[in-house]
S.K.: 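After the structure tokens below, expect a handful of questions from me.
First the proteins, then the strands, lettered A, B, ... as listed; each starts at 1.
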2 protein chains.
Amino acid sequence: MQGNNHDDVRRHNLSIILRLVHRGGATSRAQLTRLTGLNRSTIGALVAELAEHGLVEERTPDPTKLAGRPSPIVAASGQVVAIAVNPEIDAITVGVVALSGEVYRTIRRATATSPTATEAVQLTASIVADLRREMSEYSIVGIGVAMPGLVRASDGLVRHAPHLGWVDEPFCDLLAAATGLPVVVANDASLGASAERYFGAGQGMTDLIYLNGGSSGIGGGLIVGGVVAGGRAGYAGEFGHTRVSSSSRTDSAGIAGTLEAEVTRDALLEVLGLRGSETDADALERALLASDSPIVHAEVARQLDFLAVALASAVNVLNPQLIVLGGFLAALHAADPDRLSRAVAARTLGAAFDEVQIAPALLGSNLLTVGAAELAFEALLLDPQEIVGNIAAQPVLGVRAAELVAATNLHDPHLPD
Amino acid sequence: MQGNNHDDVRRHNLSIILRLVHRGGATSRAQLTRLTGLNRSTIGALVAELAEHGLVEERTPDPTKLAGRPSPIVAASGQVVAIAVNPEIDAITVGVVALSGEVYRTIRRATATSPTATEAVQLTASIVADLRREMSEYSIVGIGVAMPGLVRASDGLVRHAPHLGWVDEPFCDLLAAATGLPVVVANDASLGASAERYFGAGQGMTDLIYLNGGSSGIGGGLIVGGVVAGGRAGYAGEFGHTRVSSSSRTDSAGIAGTLEAEVTRDALLEVLGLRGSETDADALERALLASDSPIVHAEVARQLDFLAVALASAVNVLNPQLIVLGGFLAALHAADPDRLSRAVAARTLGAAFDEVQIAPALLGSNLLTVGAAELAFEALLLDPQEIVGNIAAQPVLGVRAAELVAATNLHDPHLPD
DNA sequence: GTGATACGTTGCCAATGTCAACAAATCATG
DNA sequence: CATGATTTGTTGACATTGGCAACGTATCAC
């Protein structure tokens, strides 16, 4: 419940314009006036301010076939970048994404064992330090981390990442201390949801559900009323633990009969006679489509029916516009789209399922990179004027990263000093 | 993606202040400055404007024990009212609620049979006409309708109200035409959720789930990130059709093994040997608590465990702060609160259930009246300046209501003319 | 080249919130 | 009861911002 003053108006308008050119790509000033409803002169002034701060660039107009003075094209800057980090069991991926949306680099550094939080921080910080040296002419707004686990939204604490074996790790604060950059952490599937929403299958949608099937389970994220729904603490989106059967098969959290227990990539690989380590989602999909084994079909049908139970509940409760399926769930869906659709329809209220679409994720390997970068950009998009002052002033801490990690134990009273 | 201009600032600030005094009760101007962060002089001007329009009243300061000049108390007007309507199978309830929050009247008019939409419109319009004559010195901002069924948010069309046997009824438009007042319709359980959120068990909460158990099924509503989540079309909140068992028992929509099929008031009444028509929620709760029959306990346990399955899924997906149970579900919960809590905990991720509370609804018989009135007030709260001009200028159409209904068939090409 | 069209640019204006100075109302103290 | 401290309302000057209208400019069609 906060009041608005003058500054807020300016802030809001700058934010809106930067969002439009960031998410919608290069846009003419004339289009911006139409989209925002603001006056031509206002748009001119606002764009000039953004350009002055180096956040957008104005290009000469595209040749158009229309009469009238051509309007300059406003594009998000390619010089302003965010760093995306995704820790996994066997590797850490670091990406560099420009405000213009372009993914400049993705660096995947394999690890021998599943990294501890401190190891992950050190490795990430050293990659980031290298990147900063190489890309010294770019402005880095911050680091976004896609974490496979529950992340407390209030302070970025990694409550539980079963995949990595982390419990209550202040990864966010550690990485911030090690790099000197602002760091924001969120659940990977939630970031996948927002990436698909802004740049993938869900463009322009306000209510969507994203479900991702990985080798170790099923995660998800939701967009409700146009905003990413994190829930009270940020743990929302755990569709994998929805109960779908009365079997005693348990999932990674030890709960029986859940979606994650019944619908697994391993079971699909087994009936196909494939190895997980050699099979990505595309290969799995091809194999499923190519197979004419009745055993495979039966397993696909079994899993789809369980998936339908979970989706139906979600549709009844959330009435989304779109369900996006990623990872092996996309392959499963592709194997028999009609079956899934019919099974969901049978378990939902007619009206609620009316306009629901089920679609595969469009963003492939860049999904989490884009999503995590988006997270890092959020502060800038929210208040361009405020943030822009900081990003230029950041010293390159890079080399000292490892020392800093060792020296700093932020927010963790349990560690000895 | 809209730009902000000057008018929006004023509109927003007026809206904030009116919301604060409406939802939070009488508030001193000094408190308003602190809550909004606006300047003293600005608050003064804004409150004066609201007072001038008759939306708030300034009272002499409460005697306080603090030094300093006492600050005038700003209270929402008691002269500005909304009309709340709740059609049911056997009656129509019409309430009058002031902007101050006070419920002035509730009129329950029984019907011999379940009313058709047209009958419901006529009956409602005649009650409203009487009310307007009796309350001619009050300003009516509009009518809010709590509908037991799916309501399309975009135009208020009642898609399906199984209870009443309505399908695709333009109740909203018909009632608007019959009364000449603005009418807004929404699902009853969603309104219950927002009523509990603003004035009941969920005050100040941003993420809550509301589940209501009625004689004919289970409905619900959700608040996600501080806003009522309607989903794409407005059908969100149908928790009753979540699958909780593999039994073949079907619910009102014909879906098997759902919460609504397994958890029913009738089954509780049966083991208690009670009659539904004579037993309200309080009586049911007393009977459950008083009973020492093992059959009753077993049925309570059975139902609680199924309820836990549905709640657990919802907790995992939505990570709410609070679950509010109304109707017979409150009685069920009261009968064995620990069992429900433990059963939900067993099926949820530890972290996600950490801070979740389960509580009975606090608003009793006024729940839907308050919720529906809130819906009608929403337009005024959103833009006090704009709406206030209209409410004074409305002619009293009352007497001609029935004729208007007969003469107007809005948005319904299927009716003969 | 001329006109039509669409858009950027410029200077002026109105609306609004902030601020500082002052006035008013209360309590505590003697 | 007078005085001071404290808190808050009130008032008028002020800065910021977006809207607006007039004008300039760049393109297309003929």
Side-chain angles (χ1 to χ4, degrees), chain A residues 1-17 21 26-52 56-75 383-386, chain B residues 1-18 21 26-53 56-75 383-386:
Chain A
M1 285 295 204
Q2 284 224 343
N4 247 355
N5 52 25
H6 290 143
D7 302 349
D8 294 330
V9 178
R10 187 81 172 190
R11 196 195 329 277
H12 180 245
N13 287 341
L14 286 170
S15 168
I16 290 292
I17 293 178
V21 300
T27 312
S28 76
R29 260 159 69 177
Q31 280 175 289
L32 289 175
T33 58
R34 281 188 289 266
L35 289 168
T36 59
L38 295 172
N39 194 278
R40 287 205 298 255
S41 33
T42 308
I43 291 291
L46 292 170
V47 168
E49 182 167 344
L50 289 174
E52 192 181 323
V56 302
E57 284 150 10
E58 285 198 277
R59 294 202 307 255
T60 53
D62 287 336
T64 165
K65 289 291 155 205
L66 295 169
R69 178 175 178 174
S71 189
I73 304 295
V74 183
D383 190 353
Q385 220 169 4
E386 176 69 21
Chain B
M1 284 296 202
Q2 284 225 345
N4 246 358
N5 54 25
H6 287 143
D7 302 347
D8 294 331
V9 177
R10 188 77 173 197
R11 197 194 326 277
H12 179 244
N13 287 342
L14 286 170
S15 168
I16 291 290
I17 293 177
L18 193 56
V21 300
T27 312
S28 76
R29 261 158 70 176
Q31 280 176 288
L32 289 175
T33 57
R34 281 187 289 266
L35 289 168
T36 59
L38 295 171
N39 195 280
R40 288 205 297 258
S41 24
T42 309
I43 292 290
L46 292 170
V47 168
E49 183 166 344
L50 289 174
E52 191 181 323
H53 291 314
V56 303
E57 283 149 12
E58 284 196 279
R59 293 203 308 255
T60 53
D62 287 335
T64 164
K65 290 291 156 205
L66 295 168
R69 178 175 178 172
S71 190
I73 304 295
V74 182
D383 190 352
Q385 220 169 7
E386 176 69 22

S.K.: Just how far, in rounded Å, is C1' of dT18(C) from CG of N13(B)?
M.R.: 13 Å
S.K.: Between E49(B) (CD) and dT10(D) (P), how many Å, whole number?
M.R.: 15 Å
S.K.: Nearest 0.5 Å, please: how far is CG in L32(B) from CD1 in I16(B)?
M.R.: 11.0 Å
S.K.: Atom CD1 of I43(A) and atom P of dG18(D): how far apart are they, to the nearest Å?
M.R.: 10 Å
S.K.: For T33(B) and R40(B), which heavy atoms make the closest approach, and how far apart are they?
M.R.: CG2-CA, 3.7 Å
S.K.: Regarding S71(A), tell me which of base, sugar-phosphate or nothing describes its non-hydrogen contacts under 4.0 Å with the strands shown.
M.R.: sugar-phosphate
S.K.: Got a second to check how far L50(B)'s CG is from Q385(B)'s CD, nearest 0.5 Å?
M.R.: 9.0 Å
S.K.: Angle, rounded to 10°, between the helical axes spanning five pairs at each terminus of the helix from dG1(C)-dC30(D) to dG30(C)-dC1(D)?
M.R.: 10°
S.K.: Can you name the side-chain contact (heavy atoms from CB on, under 4.5 Å) partners of S28(B), sequence neighbours left out?
M.R.: A30(B), Q31(B), S71(B), I73(B)
S.K.: Apply salt bridge (Lys or Arg N to Asp or Glu O under 4.0 Å) to E386(A) and R11(A), showing your working.
M.R.: CA-CA 9 Å; E386(A) 176 69 21; R11(A) 196 195 329 277; 5.3 Å; no
S.K.: Suppose we call a contact any N or O donor and acceptor under 3.5 Å apart; does that hold for the side chain of S41(B) and the base of dC19(C)?
M.R.: yes
S.K.: Take the protein atom CD1 of I73(A) and the nucleotide atom C1' of dG8(C), then report the distance between them rounded to whole Å.
M.R.: 14 Å
S.K.: Can you tell me the distance, in whole Å, between the CG atom of D8(B) and the P atom of dG17(C)?
M.R.: 12 Å
S.K.: Does dG8(C) have its OP1 or OP2 closer than 4.0 Å to a side-chain nitrogen or oxygen of R29(A)?
M.R.: yes
S.K.: Whole Å only: how far is the CD atom of Q385(B) from the P atom of dA15(C)?
M.R.: 11 Å
S.K.: Taking atom C1' of dC14(D) as reference, at what distance in whole Å does atom CG of N39(B) sit?
M.R.: 13 Å
S.K.: Heavy atoms under 4.0 Å is the rule here; annotate nucleotides 21-30 of chain C 5' to 3' with B where the base is hit, S where only the sugar-phosphate is, and - elsewhere.
M.R.: B-BBBBS---
S.K.: So which of I17(B), L18(B), L46(B), N13(B) actually passes side chain to side chain contact (heavy atoms under 4.5 Å, CB included) with P384(B)?
M.R.: L18(B)
S.K.: Using whole Å, what does the distance between atom C1' of nucleotide dT16(C) and atom CG of L46(B) come to?
M.R.: 9 Å
S.K.: Working to the nearest 0.5 angstrom, can you tell me the gap between R10(A) CZ and D383(A) CG?
M.R.: 12.5 Å
